[in-house]
Amino acid sequence: MSDSALVAAATRVRVHAWAPYSDVQVGAAVLADDGRIFAGVNVENASFSHVCCAERVAVFKAVSEGARRLVACAVVTDHDQPVSPCGACRQVLHEFGPDMRLILATTDGVRRETTLRALLPEPFEARHVLDHRRA
Ligand code: THU
């Protein structure tokens with residue numbers, strides 16, 4: 001699966017973003033280790049605190065379909081430069097793909113590649129819950 005296919009999937013769904021309040025339309029697509037792609041958009045709400053980012057929607061779709069290991073995530077917006085996932089999304093992405101690559105892109109074709117580890121060097125992890133419980 002090429003990065004371009006992942007970016008294309010994120011770009012395709014982006015038009016479905018529900019962002020009447022911010023007017024920031026985000027498309028995201030995650031690649032599972034079995035080759036499947038799951039795409040999501042940001043979904044805003046008149047009650048602002050209930051917004052869900054595109055990355056998390058994509059992850060939740062993947063997990064809902066049985067994908068548990070995610071290897072890459074593309075994020076597409078129409079900013080001048082690519083934007084990176086918010087802190088909450090980094091944490092959620094980590095749960096299912098600590099070693100994932102991130103392809104951050106704009107609709108004009110600017111692209112930047114990085115890793116989740118680079119953006120979230122000290123995640124809160126399952127062991128911090130499970131080991132603590134067993135102690
Ligand atoms: N947003 C995302 O979808 N992903 C991010 O990583 C950051 C922000 C959305 C949430 C909200 O709908 C809009 O961008 C403005 O914050």
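Just follow the structure's listing: the first ligand is 1, and inside any ligand the first atom is 1.
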Trainee: Would a hydrophobic clustering, with Ile, Leu, Val, Met, Phe, Trp and Tyr connected at side-chain separations under 4.5 Å, put V83 with V76?
Mentor: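 Per the 4.5 Å side-chain linkage, V83 and V76 are not co-clustered.
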Trainee: For ligand 1, indicate whether the residue C53 contacts it via side chain, backbone, both or neither (heavy-atom separation under 4.0 Å).
Mentor: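 Answer for C53: both.
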Trainee: Considering the heavy atoms of S22, write down every atom of ligand 1 situated less than 4.0 Å from one of them.
Mentor: 13 (C), 15 (C)
Trainee: So, 4.0 Å and heavy atoms of A19: is ligand 1 close enough to count as a contact?
Mentor: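 False for this residue.
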Trainee: What is the nearest protein non-hydrogen atom to atom 6 (O) of ligand 1, stated with its residue, atom name and distance?
Mentor: E55 OE2, 2.7 Å
Trainee: Out of curiosity, T77 OG1 to L104 CG, how far, rounded to the nearest 0.5 Å?
Mentor: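 CG of L104 is found 9.0 Å from OG1 of T77.
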Trainee: Could you name each residue pair satisfying ring pair (Phe, Tyr, Trp, His ring centres under 6.0 Å) that touches residues 95-131, not counting sequence neighbours?
Mentor: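 The answer is F124-H128.
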Trainee: With no hydrogens and no angle check, is any side-chain donor or acceptor of D34 less than 3.5 Å from a backbone partner on A67?
Mentor: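 Answer holds: no.
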Trainee: Spell out, as yes or no, whether a donor-acceptor pair under 3.5 Å connects the side chain of R90 to the backbone of P85.
Mentor: yes
Trainee: Right, does atom 16 (O) of ligand 1 have protein non-hydrogen atoms nearer than 4.0 Å?
Mentor: no
Trainee: Could you tell me the residue and atom name of the protein heavy atom closest to atom 3 (O) of ligand 1, and the distance to it rounded to 0.1 Å?
Mentor: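 So the nearest neighbour among protein heavy atoms is A54 N, 3.0 Å.
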Trainee: Which atoms of ligand 1 have any heavy atom of N42 under 4.0 Å away?
Mentor: 3 (O), 9 (C), 11 (C), 12 (O), 13 (C), 14 (O)
Trainee: Answer yes when D3 and R101 have at least one side-chain N-carboxylate O distance shorter than 4.0 Å, and no when they do not.
Mentor: yes
Trainee: Can you find an N or O of C86 that's nearer than 3.5 Å to an N or O of ligand 1?
Mentor: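 It does: an N or O of C86 is found under 3.5 Å from an N or O of ligand 1.
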Trainee: Below 4.5 Å, heavy atoms only, C-beta onward: do R117 and P98 meet side chain to side chain?
Mentor: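 Touching, per the 4.5 Å side-chain cut-off.
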Trainee: Considering the heavy atoms of P85, write down every atom of ligand 1 situated less than 4.0 Å from one of them.
Mentor: 6 (O)
Trainee: Do any side-chain atoms of residues 51-66 form donor-acceptor pairs under 3.5 angstrom with protein atoms, and if so which ones, sequence neighbours left out?
Mentor:
from : atom 1 : to  : atom 2 : distance (Å)
K61  : NZ     : A39 : O      : 2.7
S64  : OG     : F60 : O      : 2.6

Trainee: Could you list the atoms of ligand 1 found under 4.0 angstrom from a heavy atom of V51?
Mentor: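 So the answer, numbered in order with elements, is 10 (C), 11 (C), 12 (O).
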Trainee: Test your reading of the structure: does C89 have an N or O sitting under 3.5 Å from an N or O of ligand 1?
Mentor: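 No - when backbone and side-chain N and O of C89 are compared with those of ligand 1, no distance drops under 3.5 Å.
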Trainee: Out of R14, E44, R90, R56, indicate the one that has the non-hydrogen atom closest to atom 13 (C) of ligand 1.
Mentor: E44
